[in-house]
Number of protein chains: 2
Amino acid sequence: MPRARSGETRERIQAAALDLFSEQGVQQTSLRAIAERLGLTKPALYYHFPSREELVRSLVQPLIEDIEELIARDEAAGSTDPRALLGGYFDASCRHRRVTALVARELATLSYLDLGARVMDWRRRLIALLAGPEPDLTAQCRAVTAIGGLSDCLVFFGDADPSELRPAVLAAALSALGIEDAEDAEGAADAEGRRAAEEPEGPEKREAGKPEAAGGA
Amino acid sequence: MPRARSGETRERIQAAALDLFSEQGVQQTSLRAIAERLGLTKPALYYHFPSREELVRSLVQPLIEDIEELIARDEAAGSTDPRALLGGYFDASCRHRRVTALVARELATLSYLDLGARVMDWRRRLIALLAGPEPDLTAQCRAVTAIGGLSDCLVFFGDADPSELRPAVLAAALSALGIEDAEDAEGAADAEGRRAAEEPEGPEKREAGKPEAAGGA
DNA sequence: GTCTATAGTAAGATAGAC
DNA sequence: GTCTATCTTACTATAGAC
């Protein structure tokens, strides 16, 4: 797709779409509504995105790539540090915070992106990493609770400062796994003031896959 | 073609709708599809339900009432036993298992039922009950993780036997809260074989579990 | 590169016969 | 209680003007 001079409109469309999707839901938001908010018309949208589906995909794709890379790297590493893995998962979700919330609320709606199967696949692989190869049901529930709780907190406390949220969420998730966490929310909050920017939709690859422990040591 | 007895067709419509909603999502399922599966036509559906929205509402309403009653009762009790509250929440969700999964996957889609606000309200009240009146962020995250993890497990292990799932899920949720759980998944699985069936049942307070084996994952 | 106009499609809903 | 037929509406998508 030639993006002659101004890919500016394209990004404005993505921003407006994400706003409206977050407010009203994906299916409930028509292309007309997006166009109107920008003072454009529907065909103008189709100039920048070949279809509605591609517009949605362009929003979700960066999150997908981030998460898949995170999991793949941990799988390749051979051994898993739960704290590091959950921390990385939090950071990745946080970098795409609004999209994460969207996906959490609309799994069914976004099924045409393979998202249902994809998220299920992530969970299975994360469970394997966190609970071992053939875990009993309790261990599996602990892993599901840790991962799901992490996302839930990110969505529920959508306005909280990520650097405050991070240690609190990790403490809960590690607890769910049955791992004693050395950190305390208050005590370690600033120990590793890791921020995860609010909305850098730009393709920014993460490469701090294995910082020794996510915040404590 | 036997004349349908009063209420029979209505229930067949609800069953078919729930099937299709679970398979394809709510928005993706048209009234035409529901009618076709039953060998009926759209107008026949409109005889039993005044609108599509009312059909959906009739499916979700029982879950809503169960959960709201559960929370209200615990609030009225004055003091909260986390194990009993989470157990009751599991049982209620389990009685409406498929609807619970639907709601979890389609919060945004079902917003016209006030569901978004409603679920948020439930969470706030459950957090207050589980984490106390003015909890710090970590305590709140623990509560969110416990509740969210509970639902996630019910959805993720959608085919698991509820009586097996119950102790496993509760162990994870209580762990997330930072509460040591005396029960063990294997040890208490069959001793715990009580209802959590699909059918309505007078909500009851759950008492503490069996102080049996120990040892989480 | 952006817009106007419109084709094509599908859904929710109603009227009236049987 | 269920059907045939029909209506209204709303959206995606395309063709072509500026």
Side-chain angles (χ1 to χ4, degrees), chain A residues 1-60 102 106 108-113 115, chain B residues 1-61 102 106 108-115:
Chain A
M1 282 302 154
R3 218 174 52 184
R5 287 230 316 239
S6 56
E8 179 189 329
T9 303
R10 184 185 160 93
E11 286 168 15
R12 287 179 61 229
I13 293 173
Q14 288 178 316
L18 186 50
D19 283 346
L20 287 168
F21 290 165
S22 298
E23 288 169 23
Q24 325 173 331
V26 174
Q27 289 282 344
Q28 289 73 30
T29 301
S30 66
L31 291 192
R32 187 182 62 73
I34 298 172
E36 272 179 4
R37 169 163 296 202
L38 291 170
L40 296 182
T41 56
K42 286 174 283 180
L45 265 49
Y46 277 98
Y47 176 80
H48 293 279
F49 296 94
S51 73
R52 174 197 176 80
E53 180 176 330
E54 281 305 312
L55 168 55
V56 177
R57 191 186 301 275
S58 80
L59 290 174
V60 178
L102 212 62
E106 313 216 34
T109 303
L110 301 175
S111 58
Y112 53 87
L113 298 180
L115 260 181
Chain B
M1 294 280 247
R3 275 281 157 278
R5 291 200 322 267
S6 167
E8 181 185 323
T9 302
R10 185 187 159 91
E11 286 167 15
R12 290 205 316 134
I13 292 172
Q14 289 177 315
L18 185 51
D19 283 346
L20 285 168
F21 290 165
S22 299
E23 288 169 22
Q24 327 174 329
V26 174
Q27 290 282 343
Q28 289 74 29
T29 301
S30 66
L31 292 191
R32 186 184 61 73
I34 298 172
E36 270 179 6
R37 169 162 297 204
L38 291 170
L40 296 181
T41 56
K42 284 188 284 178
L45 265 48
Y46 277 98
Y47 176 81
H48 294 278
F49 296 93
S51 72
R52 173 198 175 79
E53 179 175 330
E54 282 306 312
L55 168 55
V56 177
R57 192 186 302 274
S58 79
L59 290 173
V60 178
Q61 197 64 32
L102 212 62
E106 313 216 35
T109 302
L110 301 175
S111 57
Y112 54 87
L113 298 180
D114 297 329
L115 260 182

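None of the values given here were measured: they were computed from a predicted structure. Excluded from the calculations below are hydrogen atoms, water molecules and symmetry mates; all remaining heavy atoms, backbone and side chain alike, are included. In the text below, chain A, chain B and the rest are named by the order of the sequence lines, each starting its count at 1.
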Check: Would you say the side chains of B:Ser58 and B:Gln14 form a donor-acceptor pair under 3.5 Å?
Finding: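 Judged by distance alone, the side chains do pair up.
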Item checked: B:Gln27 side chain to B:Thr109 side chain, donor-acceptor N/O pair below 3.5 angstrom ->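 Not at all, the side chains of B:Gln27 and B:Thr109 share no donor-acceptor pair under 3.5 Å.
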Margin query: Once side-chain contact (heavy atoms from CB on, under 4.5 Å) is applied, do any residues pair with B:Glu54, and if so which ones, sequence neighbours excluded?
Written below: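 For B:Glu54 the side-chain contact (heavy atoms from CB on, under 4.5 Å) partners, ignoring immediate neighbours, are B:Pro50, B:Ser51, B:Arg57.
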Rounded to the Å, how far apart are [X] [atom1] and [N] [atom2]?
X       : N      : atom1 : atom2 : result
B:Arg10 : D:dT2  : CZ    : P     : 13 Å
B:Leu55 : C:dA11 : CG    : P     : 15 Å
A:Gln27 : D:dA10 : CD    : P     : 17 Å
B:Leu38 : D:dG1  : CG    : P     : 16 Å
B:Phe49 : D:dG1  : CZ    : C1'   : 14 Å
B:Leu40 : D:dT4  : CG    : P     : 11 Å
B:Gln24 : C:dA10 : CD    : P     : 15 Å
B:Leu45 : D:dG1  : CG    : P     : 14 Å

Identify all side-chain donor-acceptor contacts of residues 32-43 of chain A below 3.5 Å with residues at least two apart in sequence or on another chain.
| residue | atom | partner | partner atom | Å |
| --- | --- | --- | --- | --- |
| A:Arg32 | NH1 | A:Glu36 | OE1 | 3.2 |
| A:Arg32 | NH1 | A:Glu36 | OE2 | 2.7 |

Would you say [X] reaches [N]'s phosphate, i.e. side-chain N/O to OP1/OP2 under 4.0 Å?
X       : N      : answer
B:Thr41 : D:dC3  : yes
B:Arg32 : C:dA11 : yes
A:Thr9  : C:dT2  : yes

Notebook entry, point to check: How would nucleotides 13-18 of chain D be written as a contact map, 5' to 3', with B for base contact, S for sugar-phosphate-only contact and - for no contact, using protein heavy atoms under 4.0 Å?
Noted result: BBB---
Notebook entry, point to check: Roughly how far, to the nearest 0.5 Å, is the CG atom of B:Leu113 from the CD atom of B:Gln61?
Noted result: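 Rounded to the nearest 0.5 Å, the CD-CG separation comes out at 8.0 Å.
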Notebook entry, point to check: Which distance, rounded to the nearest 0.5 Å, do you find between the NE2 of A:His48 and the CG of A:Leu55?
Noted result: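 Between atom NE2 of A:His48 and atom CG of A:Leu55 there are 11.5 Å.
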Item checked: Minimum-distance pair of heavy atoms, taken over all atoms of B:Ala108 and A:Gln28 ->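 What the structure gives for the nearest pair is O-OE1, 4.2 Å.
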